Amino acid sequence: MTTLDVLSTHGSRNDILVVELPEGLPITTDLSRVVRNLCDRTGPLGADGVYFVEDPTGAAEALFYNPDGSRSSLCGNGMRCLGRYVLDRRAEESATVSTGPHRFLVERAAGEGGVPRTAVSLPPVSFHAPEPIVAGVHEWFDEVIPALGSPLGFTALAVPNSHLIAIVDHYDEKELVSVGRRVEALTETFPIGANVSFVQPLGEHEIFVCTFERGVGLTLSCGSGVIASSAVYSKLRGIPAGIPLTVRNPGGVAKAVFRDEGGRWHPTLEGNATFVSRATVSLEEAEAGPDFAVDTERFDEEIAAYAELDRANRARLAELGVTI
Ligand SMILES: N[C@@H](CCC[C@H](N)C(=O)O)C(=O)O
């Protein structure tokens, strides 16, 4: 029997499982299937994705899977939590984690009210996506996409995963879900799919962002969506790199800031990295179906500390008239 140690974590209540790939993993293992079962919300764990990490104290190679079993080059919120896991394993303050050609620098950041936080520096954002996000073109900046049937202007960018961002006057969840579903269905127009975010400005340097994620659906937060939204908002409002933005999601608050290097914007995402529980799962059972047995230990203090921040964010959003 192969055992998986599964750490349930969240970054702004985007629930991500962090799993160190065991040595001697059978090569016949269908990881996509394991992920679908681990993430199944009717099962004992449930999540918005799984980050596998190989050799955390050495090369630290990470692989991210969405709950539908598809892969992505990044989960920003997950990287905050996986980053904390890697830093703890190494007893260090900063480390580099890789996914294929992409490098992510993770660092511990100052905690808030007993809530541990990390900062992740990402590769530069690209408004000229290497793989077209809108079919046939490498750039799409603040324009209506006729196939979507929405009057909103969208911007396509890679951070490095694919995003479509629209700035709205008032956030409307139904509209976001309907656009997200159309992006999912229109595979000829959006050949690699995209995470879709609506951005409602709250103040000069403060925004609300909600994301319909590729391979998931609506989530309480998407870290790469926070970065993509901040980049688009800053470009459209003429906010220079170096000015941090406060980004509120339904699940929490993060900070996004860019460093300009020769015209290329290098983002840093900072926010909570909360450990919720640790479970031991049999790989064979998790591959067979979603009703596997788990042996769980909960981190109650961390959960309680985050609940305070969550309450404060929700109260602030209600005060600002954002309906979530
Ligand atoms: N939740 C994530 C993004 C996860 C991957 C995404 N759904 C995709 O397919 O690109 C985040 O925090 O960035």
Side-chain angles (χ1 to χ4, degrees), residues 8-19 31-32 35-36 38-39 41 46-53 62-85 97 99-100 102 104 106 117-123 125-126 129-133 156-165 176-177 179-181 183-184 187 190-197 199 209-232 247-256 267-274:
S8 293
T9 72
H10 78 79
S12 299
R13 297 187 59 212
N14 193 197
D15 298 326
I16 307 299
L17 305 176
V18 172
V19 181
L31 277 185
S32 291
V35 165
R36 286 195 298 272
L38 290 177
C39 293
R41 293 277 183 187
D48 299 319
V50 179
Y51 244 132
F52 290 105
V53 59
L63 285 182
F64 183 77
Y65 283 78
N66 284 313
D68 68 355
S70 62
R71 296 264 304 269
S72 177
S73 49
L74 173 68
C75 170
N77 291 329
M79 187 56 79
R80 283 165 23 196
C81 301
L82 169 75
R84 178 180 162 199
Y85 173 79
V97 177
T99 295
H102 309 295
F104 305 97
V106 291
R117 291 162 57 86
T118 53
V120 179
S121 301
L122 316 170
V125 301
S126 174
E131 273 187 283
I133 296 170
L157 72 167
V159 303
N161 54 343
S162 57
H163 288 264
L164 285 169
I165 308 295
L176 173 61
V177 170
V179 171
R181 292 222 171 101
V183 169
E184 220 168 46
T187 50
F190 306 104
I192 59 167
N195 301 285
V196 183
S197 297
V199 181
V209 174
C210 202
T211 307
F212 186 95
E213 288 192 39
R214 173 176 68 174
V216 197
L218 201 63
T219 56
L220 292 175
S221 170
C222 169
S224 50
V226 162
I227 289 301
S229 300
S230 302
V232 172
V247 184
R248 292 184 186 273
N249 297 127
V253 189
K255 188 173 109 182
T268 298
L269 168 70
E270 189 178 310
N272 77 293
T274 299

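A quick note: this is a predicted structure, and the numbers were derived from the prediction, not measured. Both backbone and side-chain heavy atoms feed into the values below; hydrogens, waters and symmetry mates do not. Just follow the structure's listing: the first ligand is 1, and inside any ligand the first atom is 1.
- Summarising the geometry of C75 relative to N14, their closest heavy-atom pair is SG-OD1, 4.2 Å, with the distance given to 0.1 Å.
- Residue N77 approaches ligand 1 through these ligand atoms, each under 4.0 Å from one of its heavy atoms: 11 (C), 12 (O).
- For R13 (side chain) and L220 (main-chain N/O), no donor-acceptor pair under 3.5 Å exists by modelled atom type.
- For the ligand labelled ligand 1, residue G215 lies outside the 4.0 Å heavy-atom shell.
- With contacts defined as side-chain heavy-atom distances shorter than 4.5 Å, the pair R36/Y65 does not qualify.
- Of all atoms in ligand 1, listed by their number and element, those nearer than 4.0 Å to a heavy atom of N66 are 4 (C), 5 (C), 6 (C), 7 (N), 8 (C), 9 (O).
- Closest to atom 1 (N) of ligand 1 among all protein heavy atoms lies N14 OD1, 2.7 Å.
- Of the possible donor and acceptor atoms, none in the side chain of S72 sits under 3.5 Å from a partner among the backbone N and O of F64.
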Passes side-chain hydrogen bond (donor to acceptor under 3.5 Å, both in side chains), D48 versus T219? Steps please. CA-CA 8 Å; D48 299 319; T219 56; 5.7 Å; no
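- Nearest protein heavy-atom contact of atom 4 (C) of ligand 1 is E213 OE1, 3.3 Å.
- Of all the atoms in ligand 1, the ones that sit under 4.0 Å from a non-hydrogen atom of F64 are 4 (C), 5 (C).
- Here the protein heavy atom with the shortest distance to atom 12 (O) of ligand 1 is G223 N, 2.6 Å.
- Taking every non-hydrogen atom of L74 and a distance limit under 4.0 Å, the qualifying atoms of ligand 1 come out as 3 (C), 4 (C), 5 (C).
- When hydrogens are left out, the protein atom nearest atom 2 (C) of ligand 1 is C75 SG, 3.2 Å; that is the closest non-hydrogen contact.
- Annotation: G76 places an N or O atom under 3.5 Å from an N or O atom of ligand 1; distance criterion only.
- The environment of CZ in R41 is crowded: more than 12 heavy-atom neighbours from other residues, nucleotides or ligands sit within 6.0 Å.
- Below 4.0 Å from some heavy atom of S224 lie the following atoms of ligand 1, by number and element: 3 (C), 11 (C), 12 (O), 13 (O).
- By the 4.5 Å heavy-atom criterion applied to side chains, F104 and L74 are counted as neighbours.
- Taking a cut-off of under 4.0 Å to the non-hydrogen atoms of S72, the atoms of ligand 1 that pass are 5 (C), 8 (C), 9 (O), 10 (O).
- Of all the heavy atoms of N195, the ones lying under 4.0 Å from any atom of ligand 1 belong exclusively to the side chain.
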May I have the step-by-step check of side-chain hydrogen bond (donor to acceptor under 3.5 Å, both in side chains) for S221 and N77, ending in yes or no? CA-CA 8 Å; S221 170; N77 291 329; 3.0 Å; yes
